[in-house]
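Below: the structure, in structure tokens.
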There are 2 protein chains.
Amino acid sequence: MNEFTSLATVKRIADSTVRRLSLYLRFLEDFEQRGLETISSDELARRGGTTSAQVRKDLSFFGSFGKRGLGYSVPELSRRIREIMGLGREWRVIIVGAGKIGAALAQYQGFVQRGFHIVAVYDTAPEKIGRSWNSQTIRDIRQLERDAAQEKPDIAVLTVPSEAAQSMLDRIVKAGIKAVLNFAPVQLQAPADVTVKSVNMAMELESLSFSLTNHG
Amino acid sequence: MNEFTSLATVKRIADSTVRRLSLYLRFLEDFEQRGLETISSDELARRGGTTSAQVRKDLSFFGSFGKRGLGYSVPELSRRIREIMGLGREWRVIIVGAGKIGAALAQYQGFVQRGFHIVAVYDTAPEKIGRSWNSQTIRDIRQLERDAAQEKPDIAVLTVPSEAAQSMLDRIVKAGIKAVLNFAPVQLQAPADVTVKSVNMAMELESLSFSLTNHG
DNA sequence: GCTAACTTGTGAACGAATTCACAAGCCTCG
DNA sequence: CGAGGCTTGTGAATTCGTTCACAAGTTAGC
């Protein structure tokens with residue numbers, strides 16, 4: 001495998017690897033801002049709570065970006081990871097469900113900084129529709145399909161109540177969106193070509209309960 | 001391994017197993033409400049997007065709760081999992097950081113239903129301190145140590161900006177809290193006897209970006 | 001009470017992810 | 001320019017988690 005290896009030729013990458021890349025990128029951007037030139041796999045590992053072998057293995061799936069004896073060039077590695085992760089472009093994000101969590105997300109600056117632009121917010125409640133919300137007007141969910149055909153959003157963030165989550169996901173899928181971030185504490189079913197990631201706070205809290213109970 | 005096996009004697013349980021238990025419990029409670037008596041590992045698996053062997057293996061780490069030829073008693077399995085997960089009691093939760101996410105969490109009813117009671121909310125901003133917030137008055141963060149000594153919270157939910165997260169975690173640890181749910185998009189360092197779970201939305205979005213870019 | 005149909009519980013086999021360990025390459029200094 | 005000190009990249013070994021496959025137990029029907 002060399003630096004020209006294209007991803008299409010590469011076997012399935014583990015989710016854990018992708019998540020760590022995202023983590024490394026955050027450190028690299030931090031180092032970049034502080035003007036550091038190079039970084040070793042060992043330093044990256046220390047920051048990320050992993051091992052240097054793990055860091056090198058993770059990167060090796062995509063090419064070889066370092067210099068033996070020296071380490072990695074901070075700006076270059078940073079650029080390469082952004083490229084691998086598809087962060088070189090802007091992603092069009094819609095938020096479905098204008099509740100508390102939706103509100104918190106819509107106002108979160110971290111998204112825009114990373115190239116995730118919120119292009120629309122939807123809800124079903126008549127009293128919410130039309131209200132302005134952090135430079136977005138809340139739209140009627142009935143517009144979803146029509147809007148999607150035109151505006152071609154890439155990612156949907158699903159922040160509706162559990163009961164509504166599956167049926168709303170079905171609509172999102174039908175509208176042609178291939179990536180969904182779900183905040184409802186339910187297990188969702190979607191076709192194989194649609195990626196669904198879930199953030200389940202209840203599950204995290206219960207994991208904490210488990211570890212407290214069993215001497216974590 | 002029999003039904004009296006205590007957890008202390010059991011080897012380390014995989015995080016993935018614990019998370020699935022939490023998932024199974026949700027289905028069981030659903031079945032319980034609908035008055036179903038028994039459930040098979042196969043049905044549980046179908047709901048959870050896994051296999052029946054996985055379900056049985058997960059449960060087998062803690063004992064044997066089913067009846068061959070019949071399946072599991074819904075109320076019993078439900079009770080056993082709650083017991084395993086430590087959900088038989090109430091957990092005292094504090095929220096550190098009264099921003100948008102903190103607000104969304106404080107008002108989220110799902111927590112209370114599962115026995116996670118918010119006993120205090122803290123912030124540093126003078127204009128927020130003293131304000132009332134969903135039956136809680138926002139307290140000065142300087143009270144944290146004193147309050148913790150008295151009120152003995154079990155879990156801290158950390159919803160402060162990234163820059164402040166590590167130093168706030170250090171205070172939480174010093175205050176004797178052994179479980180933390182972190183929402184800041186940074187990797188935190190904590191002693192081994194403190195469990196830290198992180199919810200990192202930026203990372204999830206970047207995983208979606210990766211899968212969209214690489215034909216997920 | 002015997003047979004047929006089911007479903008659990010669990011060792012064994014398998015597969016995936018992590019860690020080890022070291023050859024190969026790079027830099028510095030004398 | 002050669003030696004010494006670093007650090008990468010990667011097969012091999014290991015560890016960890018999942019899936020297989022089947023004996024053993026349960027129920028229902030006849």
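Naming convention: chains lettered A, B, ... in sequence-line order (proteins, then strands); numbering from 1 in each chain.
Between A/Ser40 and D/dT7, a side-chain N or O to OP1/OP2 separation shorter than 4.0 Å is absent. For D/dG9, the OP1/OP2 oxygens have a side-chain nitrogen or oxygen of A/Tyr72 closer than 4.0 Å. Look at A/Thr51 and you'll find a side-chain N or O under 4.0 angstrom from OP1 or OP2 of C/dT19. Contact check, B/Gln54 against D/dG17: no side-chain N or O comes under 4.0 Å of OP1 or OP2. Note on B/Arg20: a side-chain N or O is less than 4.0 Å away from OP1 or OP2 of D/dT18. Between A/Ser16 and C/dT18 there is a side-chain polar atom (N or O) within less than 4.0 angstrom of OP1 or OP2. Neither OP1 nor OP2 of D/dT8 sits under 4.0 Å from any side-chain N or O of A/Ser64.
Put simply, CG on A/Leu70 is 11 Å from P on D/dG9, counting in whole angstrom units. Rounded to an integer number of Å, the gap from CZ of B/Phe61 to P of D/dC16 is 12 Å. Atom CZ in B/Arg56 sits about 13 Å away from atom C1' in D/dG25, given to the nearest Å. A straight line from CG of B/Asp58 to C1' of C/dG9 spans 13 Å, rounded to a whole angstrom. Here C/dC6 presents its P atom at 20 Å from CG of B/Leu44, a figure rounded to the nearest Å. Distance B/Leu59 CG to C/dG9 P: 7 Å, rounded to the nearest Å. Residue B/Lys67 contributes atom NZ, which lies 15 Å from atom C1' of D/dA24 at whole-angstrom precision. Separating the NZ atom of B/Lys57 from the C1' atom of D/dC20 is a distance of 10 Å, rounded to the nearest angstrom.
Both B/Ser41 and A/Ala53 sit near DNA chain C, but only B/Ser41 has its closest nucleotide nearer the 5' end.
Ring to ring, A/Phe27 and A/Tyr24 are not that close: their centroids are 6.0 angstrom or more apart.
With hydrogens and angles left out, the side-chain atoms of B/Arg82 and B/Ser78 include a donor and acceptor closer than 3.5 Å. Donor-acceptor pairing under 3.5 Å is lacking for the side chains of A/Asn200 and A/Glu204.
The base of D/dT8 lies close enough to the side chain of A/Arg68 for a donor and an acceptor atom to sit less than 3.5 Å apart.
Shown are B/Leu181, B/Val157, B/Ile155; of these, the side chain to side chain contact (heavy atoms under 4.5 Å, CB included) with B/Phe116 is made only by B/Ile155.
Counting non-hydrogen atoms of neighbouring residues, nucleotides and ligands closer than 6.0 angstrom, the CD atom of B/Glu37 reaches no more than 12 such neighbours.
When heavy atoms are screened at a 4.0 angstrom cut-off, B/Ser52 is found touching no nucleic acid atom at all.
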